[in-house]
Amino acid sequence: MTFELDLFSDVERGPIDPIGEGGPLAARLRPTSLEDFVGQAHLLQGQGILADLSEGQRLRGSFIFWGPPGSGKTTLAHILAKKTGAVVHTLSAVTAGLPELREVVARATSGSDHVLFLDEIHRFNKVQQDALLPHVESGRIRLIGATTENPYFELRKALLSRCRVVSLEKLTSLDLIEVMRRALKHPAGYGSLSVAVEPEVLKTLAASADGDARSALNLLELAISKGAYTPDGGVEVKALHLEAILNHQNLAFQHDSDRKYDLTSAFIKSIRGSDPDAALYWLASMLQGGEDPKYIMRRLLIAASEDVGLADPSAVTVVAACARALEWIGMPEAKYSLAQATVYLATAAKSDTMGALFKAEAHLRRHGPCDVPSHLRDGSYSGASEHGIGRGYINPHHHKDHYVAQRYLPEELDSLEFYVPGDLGYERTVRARLERWHDKG
């Protein structure tokens, strides 16, 4: 017989304490040495930028650690500072300002190597970032800034020029499984307790954590709290115990970070590449991550003209109808409309010829505007014809096939061509029609 583990039951029910002493599991198991650190082999091994840092050696310069949540930025910074024997000062740009920064600088005496670890460094404003410059440049403090945002967008160029940007990668599923296995064996985790977790459970938790070690450990902790007791007083966690904790578990997704735009980029490129399965995968990733469906539909409307255009003139109509359906019925039923628009565009004939407008705009920027030829000017008002305005215009509707050879560009623009139709879908018809009209001219 099995029963659910209750976090709020009295101690007599069993020996397993999912929370344990000393805070959350992720905090208790934070690595203190490179030997215990998992991931980022491209930085720490071989020719990696941090591979040759020896014990007691001073940090060479300042760094910006840029990577997704849970990739080890904070942990790696503290391990490196400890390895080099530096005095570490820790600030968070969320709560700290110039007074706290001045206090750190005042404590940074010349007798020791001082490292300032500044978490969420992108939250420092321009003035606060500028205040760092003289101390980083003089070497009074070594800066290790951590950020989930793109530093090339968020940080001052002057500060970036004095630091080396170190890009941390999202942890792989194998990395996260290793992190959780260590937690099951570590004395500060569940090493002294009888906890059995199915391998498939670890794979599922790793996939749901989406590269975030902290999230993986939090999920493991929660999964164990939902596990079932065994006759010997231990806890066993099977796949069936995950339903309750993963049912509403959103994948990692930051609306103001690169991930939002990386997912959007993958989504649109999959549509452009005519791969409906990939497009649906990235659509699901955005929706599961909490993206606004209207934002996704706006991107689909853009793609209907940018990537399909006249190769399938119905594309923008279909997507516009799906956008209207989204407004009328809302979520979650409108997922069908999002899927329909996505699959339609991914399987439609492709053309990027609507970018012809940008060619025309570029020409205007380089050469300036020309006057409108007299025969194309508005001659509808009284007296216009006396000045030659509108005179000489030939109405195509008065001719066979509603076409007549006539010049519409200014005289000084000879043989100018912006729109070149493709040879797929409906544009094949457009191409033939334009060639026929050109022959008549």
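For clarity, every value in this text was computed on a predicted model and none was experimentally measured. In what follows, every heavy atom counts, from backbone to side chain, and hydrogens, waters and symmetry copies are set aside.
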Checklist line | Backbone of I302 reached by a side-chain donor or acceptor of S305 within 3.5 Å | finding: no
Notebook entry, point to check: What do you reckon, are the aromatic ring centroids of H89 and F117 less than 6.0 Å apart?
Noted result: no
Checklist line | Backbone of E169 reached by a side-chain donor or acceptor of Q40 within 3.5 Å | finding: yes
Note to self: I'd like to know if the side chain of T75 reaches the main chain of G72, judged simply by a donor and an acceptor atom lying under 3.5 Å from each other, with no hydrogens or angles considered.
What the structure shows: no
Check: Just by distance, do the side chain of Q128 and the backbone of N125 share a donor-acceptor pair under 3.5 Å?
Finding: yes
Review item, side-chain donor-acceptor pairs of residues 195-205, under 3.5 Å, at least two apart:
residue, atom, partner, partner atom, Å
E198, OE1, A239, N, 3.4
T204, OG1, E200, O, 2.9

Margin query: I'd like to know if the side chain of S314 and the backbone of T317 have a donor-acceptor N/O pair within less than 3.5 Å.
Written below: no
Check: Thinking salt bridges, do D423 and R428 make one under a 4.0 Å N-O criterion?
Finding: no
Check: side chain to side chain donor-acceptor pair (under 3.5 Å) with T32: which residues, sequence neighbours excluded?
Finding: none
Next item on the list: Mind checking the OH-CE spacing from Y295 to M286? Nearest 0.5 Å is all I need.
Entry: 7.5 Å
Item checked: Atom pair CG/CG of L91 and D119 - distance to nearest 0.5 Å -> 10.0 Å
Distance-only donor-acceptor hits, side chain of residues 321-328, under 3.5 Å, sequence neighbours excluded:
residue, atom, partner, partner atom, Å
R324, NH1, E327, OE1, 3.0

Check: When you check the gap from the basic side-chain N to the acidic O, do E178 and R182 get nearer than 4.0 Å?
Finding: yes
